[in-house]
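For reference, the structure is listed below as structure tokens.
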Amino acid sequence: MRVIVTGATGLVGSAVVRQCIANPAITRALILTRKPLPSDISDNPKITVIIHEDFGSYPPELLTQLKGAEGCIWAVGGPAYRFPDVETCKKVHGFALIAANAFADTLAPALNGKKFKFVFCSGMGAEWDQTKRLWFLKDTRRIKGYIEKQLAAIADNERGGFAVSCVRPGGVLSSRANILEKLSAGIFPCIEDDHLARAMIKVLLDDNSGRIIENDELLRM
């Protein structure tokens with residue numbers, strides 16, 4: 001499978017790239033990134049690095065480079081507190097919707113009836129109901145919930161040609177974390193980055209994977 005990967009310079013996205021290289025079912029990973037990747041990654045024969053400055057735009061020449069991709073693992077984003085303000089967080093997470101619409105309109109129809117799968121890295125507690133009162137991480141949960149809901153609408157409108165799965169990990173722990181960091185992470189639901197990446201690839205490859213996949217299910221994969 002040819003797959004598009006975003007967020008490759010982040011914790012989750014870089015793990016996805018590593019696992020794409022390791023997984024024989026992934027024949028090519030098309031990495032959309034604003035920054036060049038280390039040579040040990042970019043020189044791998046399974047990797048094609050595409051420098052893309054504006055994630056709010058998908059011009060025809062870029063979509064031509066992505067032609068033949070059968071899915072996307074979207075790992076751009078993060079909790080709201082890591083952004084300068086809530087509006088910036090909304091804008092960055094909204095890039096997923098722009099990409100999904102572009103892929104649904106252009107890449108999915110070119111697969112001649114085969115589904116294009118969009119796997120969105122969301123977060124535990126994501127809330128679709130934007131009016132619901134939340135007691136913790138309210139901005140993050142609402143923003144991710146909104147994106148999930150809109151992605152689901154795109155999939156529903158595409159009548160089967162475009163599928164969406166939203167994974168909801170808890171805290172994401174680096175697989176290179178020390179023992180103390182791993183012990184401290186045990187007080188709340190979490191998952192290691194490489195485990196999450198393998199699970200996301202499994203979701204991508206599974207035609208019957210659900211639309212919402214919670215942390216507990218990810219841990220069992």
Side-chain angles (χ1 to χ4, degrees), residues 1-33 37 41 44 46-50 55 66 69-79 92-93 95-97 99-100 103-104 107-108 114-126 140 143-145 147-152 154-155 162-177 185 189-221:
M1 173 185 277
R2 292 169 66 90
V3 58
I4 300 164
V5 179
T6 69
T9 59
L11 177 64
V12 175
S14 60
V16 170
V17 174
R18 291 194 299 272
Q19 296 305 320
C20 282
I21 292 172
N23 192 316
I26 303 299
T27 58
R28 176 72 62 180
L30 308 170
I31 314 298
L32 286 183
T33 177
L37 300 185
I41 296 295
N44 188 284
K46 291 178 71 171
I47 300 298
T48 298
V49 176
I50 301 173
F55 275 69
L66 299 175
E70 299 171 56
C72 173
I73 296 180
W74 191 273
V76 173
V92 170
H93 281 81
F95 290 150
L97 301 180
F103 300 163
L107 302 183
K114 189 172 183 178
K115 284 186 179 182
F116 184 100
K117 173 70 80 66
F118 193 97
V119 180
F120 174 63
C121 188
S122 184
M124 181 178 287
T140 300
I143 291 169
K144 289 184 178 292
I147 300 301
E148 287 185 1
K149 187 175 182 180
Q150 297 306 311
L151 286 172
I154 294 171
F162 186 84
V164 166
S165 288
C166 301
V167 301
R168 292 180 173 180
V172 180
L173 182 66
S174 171
S175 55
R176 293 163 295 285
C190 64
I191 187 170
E192 287 193 355
D193 55 355
D194 282 331
H195 190 145
L196 173 59
R198 287 192 297 270
M200 292 176 75
I201 292 172
K202 187 173 182 179
V203 169
L204 176 77
L205 297 171
D206 184 359
D207 289 338
N208 298 313
S209 55
R211 181 158 285 178
I212 303 295
I213 303 167
E214 301 286 358
N215 194 72
D216 287 349
E217 186 175 353
L218 293 169
L219 288 171
R220 291 193 295 268
M221 292 182 178

Among Lys115, Lys114, Lys117, side-chain hydrogen bond (donor to acceptor under 3.5 Å, both in side chains) partner for Glu70: Lys114
Main chain of Val203, side chain of Ser209: is a donor-acceptor contact present, judged purely on distance under 3.5 Å? yes
Does Lys149 have more than 12 heavy atoms from other residues, nucleotides or ligands lying within 6.0 Å of its NZ? no
Evaluate the side-chain proximity of Ser122 to Ile147: yes if any heavy-atom separation is below 4.5 Å, no if none is. no
Find out whether His93 and Lys144 are in side-chain contact, i.e. whether some heavy atom of one side chain is under 4.5 Å from a heavy atom of the other. yes
Rounded at 0.5 Å granularity, tell me how far CG in Leu30 sits from NZ in Lys46. 12.0 Å
Closest approach of Cys190 and Leu219, non-hydrogen atoms and distance? O-CD2, 3.7 Å
Quick one: are Phe55 and Thr6 in side-chain contact, heavy atoms under 4.5 Å? yes
Please report the shortest heavy-atom distance between Phe116 and Ala108, naming the atom on each side. CB-CB, 3.8 Å
Heavy-atom nearest pair, Gly210 first then Ser165, reads O-OG, 2.7 Å
Find the distance between CD1 (Ile213) and CG (Asp206) and round it off to the nearest 0.5 Å. 8.0 Å
In terms of heavy-atom contacts, Asn215 and Pro189 come closest through ND2-CB, 4.0 Å
Please list, chain by chain and in numerical order, all residues satisfying salt bridge (Lys or Arg N to Asp or Glu O under 4.0 Å) with Arg28, sequence neighbours excluded. none
With sequence neighbours excluded, tell me which residues meet salt bridge (Lys or Arg N to Asp or Glu O under 4.0 Å) with Arg2. none
To the nearest 0.5 Å, tell me how far Ile47 CD1 sits from Ile41 CD1. 6.5 Å
Can you name the nearest heavy-atom pair linking Gly10 to Ser14, along with the distance? O-OG, 2.6 Å
Enter the distance from Leu37:CG to Asn44:CG here, rounded to the nearest 0.5 Å. 11.5 Å
Do Phe103 and Ile4 have side chains that get closer than 4.5 Å, going by heavy atoms? yes
If I take atom CZ from residue Phe120 and atom CZ from residue Arg168, how far apart are they, to the nearest 0.5 angstrom? 10.0 Å
Step by step, work out the side chain to side chain contact (heavy atoms under 4.5 Å, CB included) result for Ile154 and Val164. CA-CA 8 Å; Ile154 294 171; Val164 166; 5.7 Å; no
Val3 and Val119: CA distance, side-chain angles, deciding distance, side chain to side chain contact (heavy atoms under 4.5 Å, CB included) verdict: CA-CA 10 Å; Val3 58; Val119 180; over 6 Å; no
Leu66 vs Ile50 side-chain heavy atoms within contact, under 4.5 Å: yes
Can you name the closest pair of heavy atoms from Glu148 and Cys166 and give their distance? CG-SG, 3.6 Å
I'd like a table of donor-acceptor pairs (distance under 3.5 Å, sequence neighbours excluded) in which one partner is a side-chain atom from residues 15-25, with atom names and distances.
{"from": "Arg18", "atom 1": "NE", "to": "Asp194", "atom 2": "OD1", "distance (Å)": "3.4"}
{"from": "Arg18", "atom 1": "NH2", "to": "Asp194", "atom 2": "OD1", "distance (Å)": "2.8"}
{"from": "Asn23", "atom 1": "OD1", "to": "Ala25", "atom 2": "N", "distance (Å)": "2.8"}

Return the CE to CD1 distance between Met221 and Ile201, rounded to the nearest 0.5 Å. 12.5 Å
